[in-house]
Amino acid sequence: MYKGIYITMTGMSMRENELSAISNNLANINTTGYKKQSFASRLYPLLSGKPSQSNVIYQDARAQTYFGTQYIDTSQGALKQTHNPFDLGIQGEGFFVVRQGNKILYTREGSFTRDKDNYLVTQTGLRVLDENNNPIIIDGTKIEYGKDGTILVDGNPIGRIKLVKLNNLRHVGQSLYEGVEAGQANGQILQGWIENSNVNPMSEMVQMIQAIRNFDFTQRVTTNFSELAQRAVSEIARI
């Protein structure tokens, strides 16, 4: 009986996390370069305090809902043309590299601009880095980008914007990410374009409704288990 309460309680906790992720996705429908958060869960038997790799439910095992995977969906968002020469969209894989203090972060939000010192920066002022991890200075009037990231200022090449593949990706802001660099990405850079969020609002709403139903169901099952436990205690005391 108490095993059942434990299972349903962890299931409710799981649904709370799911609803939190969906709410965050919906809040960022219009965030440039945002990648939706997704996850999946499974019920695992616990043996010796650890999730078993087997799907077999052992009679004496303790079970709980356990996070199987939690990941960021890096699928392509729709590209929107802006004709702004500082806007960059990525077609295919890869992330831009930016610096925040001593930290290196990554983004697909390519709505860049130029600060008072002529550094190429994000809308929040983070400097965009070239392939040598140096900030990029745009000291001229005309900026052009090749699809491979080559930068031309007034017709003169000054370097190449860095585009990397990432592993172990995780959000650290609306459209900023941490991760482990896994080599140069082969995506193409499109000047005068930005990438929209890859969140599908209709799909998220359907998932939210399903998550709410699942939460409500597990809550009712937990209540039933609790009432059975109280009744059992009362009967034992009477005997």
Side-chain angles (χ1 to χ4, degrees), residues 24 28 30-37 70-199:
N24 195 47
N28 285 284
N30 295 317
T31 300
T32 304
Y34 178 82
K35 297 301 178 188
K36 65 174 286 187
Q37 184 174 345
Q70 185 173 10
Y71 60 94
I72 293 175
D73 179 353
T74 58
S75 60
Q76 179 81 48
L79 290 164
K80 175 184 176 183
Q81 190 168 22
T82 65
H83 301 289
N84 181 339
F86 284 95
D87 284 345
L88 300 180
I90 300 174
Q91 176 73 59
E93 68 173 2
F95 286 80
F96 299 114
V97 183
V98 298
R99 185 183 298 280
Q100 183 182 58
N102 294 324
K103 295 179 65 176
I104 297 293
L105 299 175
Y106 308 91
T107 186
R108 293 207 26 139
E109 183 181 13
S111 52
F112 300 139
T113 186
R114 181 167 51 178
D115 69 9
K116 61 182 178 58
D117 296 317
N118 291 326
Y119 284 105
L120 186 68
V121 296
T122 67
Q123 291 295 319
T124 57
L126 304 182
R127 290 178 178 175
V128 184
L129 304 184
D130 66 13
E131 57 186 348
N132 297 314
N133 280 347
N134 294 319
I136 298 168
I137 299 176
I138 309 298
D139 190 9
T141 58
K142 184 179 180 181
I143 180 171
E144 299 172 276
Y145 293 91
K147 290 185 176 179
D148 65 348
T150 301
I151 310 166
L152 298 175
V153 176
D154 294 337
N156 301 311
I158 64 165
R160 191 164 68 161
I161 199 165
K162 190 173 185 179
L163 201 65
V164 296
K165 294 187 289 188
L166 294 176
N167 291 330
N168 302 327
L169 200 61
R170 72 179 187 88
H171 282 282
V172 292
Q174 290 182 322
S175 56
L176 285 174
Y177 305 88
E178 286 183 337
V180 178
E181 293 190 19
Q184 183 177 337
N186 60 14
Q188 292 186 334
I189 292 178
L190 305 180
Q191 186 175 15
W193 295 74
I194 56 173
E195 182 184 7
N196 293 332
S197 162
N198 68 349
V199 175

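In what follows, residues are counted from 1 in the order of the sequence shown. Keep in mind that what you see is a predicted model, and the values were worked out from it rather than measured.
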Would you call Leu105 and Glu178 a side-chain contact if the rule is heavy atoms closer than 4.5 Å?
yes

How many angstroms lie between OG1 in Thr141 and CG in Asp154, if you round to the nearest 0.5 Å?
4.0 Å

First locate atom CG of Leu166, then atom CZ of Phe95, and finally report the distance between them rounded to the nearest 0.5 Å.
5.5 Å

Measuring from Asn118:CG to Ile138:CD1, what's the distance to the nearest 0.5 Å?
8.5 Å

Kindly indicate whether the side chain of Asn198, heavy atoms from C-beta on, has any atom under 4.5 Å from the side chain of Gln76.
no

Should Asp139 and Val153 be marked as a side chain to side chain contact (heavy atoms under 4.5 Å, CB included) after you check the CA-CA gap, both sets of side-chain angles, and the distance that decides it?
CA-CA 7 Å; Asp139 190 9; Val153 176; 5.7 Å; no

Check: Leu176 and Val98 side chains under 4.5 Å, non-hydrogen atoms
yes

Is any side-chain heavy atom of Val97 less than 4.5 Å from a side-chain heavy atom of Tyr106?
yes

Once you measure the plane-to-plane angle for His171 and Tyr34, does it fall in the parallel (<30°), tilted (30-60°) or perpendicular (>60°) bin?
parallel

Min side-chain heavy-atom separation Phe112-Asp87 under 4.5 Å:
no

Please check: side-chain N/O of Glu93 versus main-chain N/O of Lys165, any donor-acceptor pairing under 3.5 Å?
no

Near Asn30 CG, under 6.0 Å, is it more than 12 heavy atoms from other residues, nucleotides or ligands?
no

So how far is it from Asn196 CG to Leu79 CG, rounded to the nearest 0.5 Å?
8.0 Å

Mind running side chain to side chain contact (heavy atoms under 4.5 Å, CB included) on Gln191 and Leu88 for me, showing each step along the way?
CA-CA 5 Å; Gln191 186 175 15; Leu88 300 180; 4.2 Å; yes

Report yes if the side chains of Ile104 and Arg99 come closer than 4.5 Å at any heavy-atom pair, otherwise no.
yes

For Gly94 and Ala185, work out which heavy atoms get closest and say how close.
CA-CB, 3.4 Å

Using a 3.5 Å distance criterion without hydrogens, assess whether the side chain of Gln184 forms a donor-acceptor pair with backbone atoms of Glu131.
no

Set of side-chain contact (heavy atoms from CB on, under 4.5 Å) partners for Thr32, sequence neighbours left out:
Glu109, Ile194

d(Leu129 CG, Leu120 CG) to nearest 0.5 Å is 10.0 Å

Could you tell me whether the side chain of Thr150 reaches within less than 4.5 Å of the side chain of Arg160, counting heavy atoms only?
yes

For a 4.5 angstrom cut-off between non-hydrogen side-chain atoms, does Ile136 reach Tyr119?
no

Determine, stepwise, if the pair Asp148 / Leu163 fulfils side chain to side chain contact (heavy atoms under 4.5 Å, CB included).
CA-CA 9 Å; Asp148 65 348; Leu163 201 65; over 6 Å; no

Start with the C-alpha distance between Ser197 and Asn28, add both sets of side-chain angles, then the distance that settles side-chain hydrogen bond (donor to acceptor under 3.5 Å, both in side chains), and finish with yes or no.
CA-CA 7 Å; Ser197 162; Asn28 285 284; over 6 Å; no

Treating Gln188 as the side-chain partner and Lys147 as the backbone partner, does any N or O pair qualify as donor plus acceptor under 3.5 Å?
no

Under the side chain to side chain donor-acceptor pair (under 3.5 Å) test against Lys162, which residue among Asn133, Asp130, Asn132 passes?
Asn133

Please evaluate residues Lys35 and Tyr177 with respect to the criterion side chain to side chain contact (heavy atoms under 4.5 Å, CB included), reporting the C-alpha separation (whole Å), side-chain torsions for both, the decisive distance (0.1 Å), and the verdict.
CA-CA 10 Å; Lys35 297 301 178 188; Tyr177 305 88; 3.4 Å; yes

Inter-residue atom distance Phe86.CZ - Thr113.OG1, 0.5 Å rounding:
6.0 Å

Is there a donor-acceptor contact under 3.5 Å from the side chain of Arg108 to the main chain of Ile90?
yes

